[in-house]
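Notes to accompany the following structure.
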Amino acid sequence: MNEQRRAINNLMAIAPVFSICCYFFVYQIEENISIIPSKEELIQDFSFRKSSSSHKTKKENKEETENEHEILYEKRLPDFIITGMQKCGTTVLKYFLEAHPKLITPKLGEIHFFEKDWNFEQGKEWYLDKMPNASPELLIFEKTPDYMAVPIVAKRIFEMKPDIKIIVLTCDPVKRAFSNYLHLKSVKRPPYEVAPGVQEVINSTFEEAILSAFTTSLGAPNADFLFGKSKINEKKKNELKTIFNSYLDKFWEEERRFPMPASLLIRGHFTYFMEKWLQIFPSENFLTIDGNLLTAAPWKACSQVEEFLKIENFFNESSFTKENENSKFYCIKKHRKMKYCSKPGGKKGRTLSQNMTKEAENALMIFYDAIS
Ligand SMILES: Nc1ncnc2c1ncn2[C@@H]1O[C@H](COP(=O)(O)OS(=O)(=O)O)[C@@H](OP(=O)(O)O)[C@H]1O
C-alpha cells in the first residue's frame, strides 16, 4: 500500500513537469505545422522571391514603363513633319531634336506613309499605329525626306491634318545630287523596291548619271552644252529653266513620281517644290532651315525649331561637340551630364571621303544657276 501511495505521489510530482513538456511539445509541433506554407502561399512566395531577388533588367524596366505609358497615353497624328529635302541632313536634325524633352518621334526611322501608295492604302490607323504613345504636352514628329518631291503628298497631308507644321532643310543642290548618288550606290534594296532608273544610276559613274539626267529632262543638245561650259547667258538660262520646269510639271500634274536618274537633279530644285507646297499649305506652317547651318552650328538650327514650335529652349552650344578636332560634323550630348557625344547610326558622311569630278560639279553648278 505504501508502495502504491509512493508511486502515486511520484506521478503527481512529475505530472506538472510532464504536462509542461507535453504542452511545449504540442506547441512546437503546432508552430512547425503553422509555418509549412500552403501551395498558394508557396507560389506567392516564389514569385515574390523571384521578383525581389532577381534585379530587373533595364529592358524589363523599359518595357514596364512603355506598357504603363501605353495605358496612359494615346497615339496621335504628328504635330510636325520634316519633309525634306532628301540628303540635306534630315536624319541628323531628327536625331538632335528627339533629345528635346518636349519632342518625341517614332522609333522607326522613316514612315513613308504619304508617298508610298501601299502604305497610304493601309489607312490612317496604320499611320497612327506607327506613332509613339505621347502625353498631351509632348509634340510628335516624324521625318520622311521623300515627301517633299512626290506630287500627291502635300494634298494627302493637308487632308489628314491641315494645321500640321512642316520643316524643310535646304542645302547645296550640287552636293545634294552627289550625296543622293552615293546613297543609291550603297543602299541594298530588295528588287521590288528598286524604282525605275535606280539600277541605271547604280551601274553608272556620277558623271554618266548626270549626263543621262540632263538628257532626259533637257534633251541631248542641252546636256552636251552644259558639260564643258563655264558661263551661259541669261537667254540660255531662261530657256533651260523653262524646259526643265515643264518637264517637272508633266509629272506633277499627272501626280507621277519622278524617275531616276533625272530625279538626282529634280530633288534639289527646292523653289519648285516649295511653290507647289505653298499652293496647299499657308506659309506660316513652314520653317525652312539652311542645311549648312545645321552642319556648322546645330544649336542655332535647333533653336530655330524651338522658336517655330514655341517650345522652351533646350539646345545651346554646349549640347554639341565634335568627336575630334578634325571632325566636320557635330554630334550631340543627349543628356546634360553626358560625357560622350552621340550621333545617328547609319553611314552619314559619305561625301566627306569621296569627290565628284570637276566636270560634273561644273555642269551642275551652271545648271542650278540657270534654273533657280
Ligand atoms: N552632324 C552631322 N552628322 C552627319 N551627317 C550630317 C551632319 N550634318 C549634316 N550632315 C549631312 O546629312 C547628309 C544626309 O542627309 P539626310 O539625313 O537628309 O539623308 S537621307 O535623305 O535621310 O538619306 C549627309 O550626307 P552624306 O555626306 O552624303 O552622307 C551629311 O552630309
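Order of listing sets the numbers, starting from 1, for every ligand and every atom in it.
For the residue pair T205 / E207, no side-chain donor-acceptor distance below 3.5 Å is found, with atom types taken as modelled.
Contact between Y247 and T216 at its shortest, heavy atoms only, is CE1-O, 3.6 Å.
Protein neighbours of ligand 1 below 4.0 Å, counting non-hydrogen atoms: Q86, K87, C88, G89, T90, T91, V92, E110, K143, P145, S179, H183, T295, F329, Y330, K347, K348, G349, R350, T351.
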Q | Full working for side-chain contact (heavy atoms from CB on, under 4.5 Å) between F141 and D79 | A | CA-CA 6 Å; F141 74 103; D79 298 280; over 6 Å; no
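Applying the 6.0 Å contact sphere to NZ of K322 captures more than 12 heavy atoms from other residues, nucleotides or ligands. The neighbour count for K300 NZ, taken as heavy atoms of other residues, nucleotides or ligands under 6.0 Å away, does not exceed 12.
Taking the six-membered ring for Trp and thresholds of 30 and 60 degrees, H100 and F315 have ring planes inclined between 30 and 60 degrees apart.
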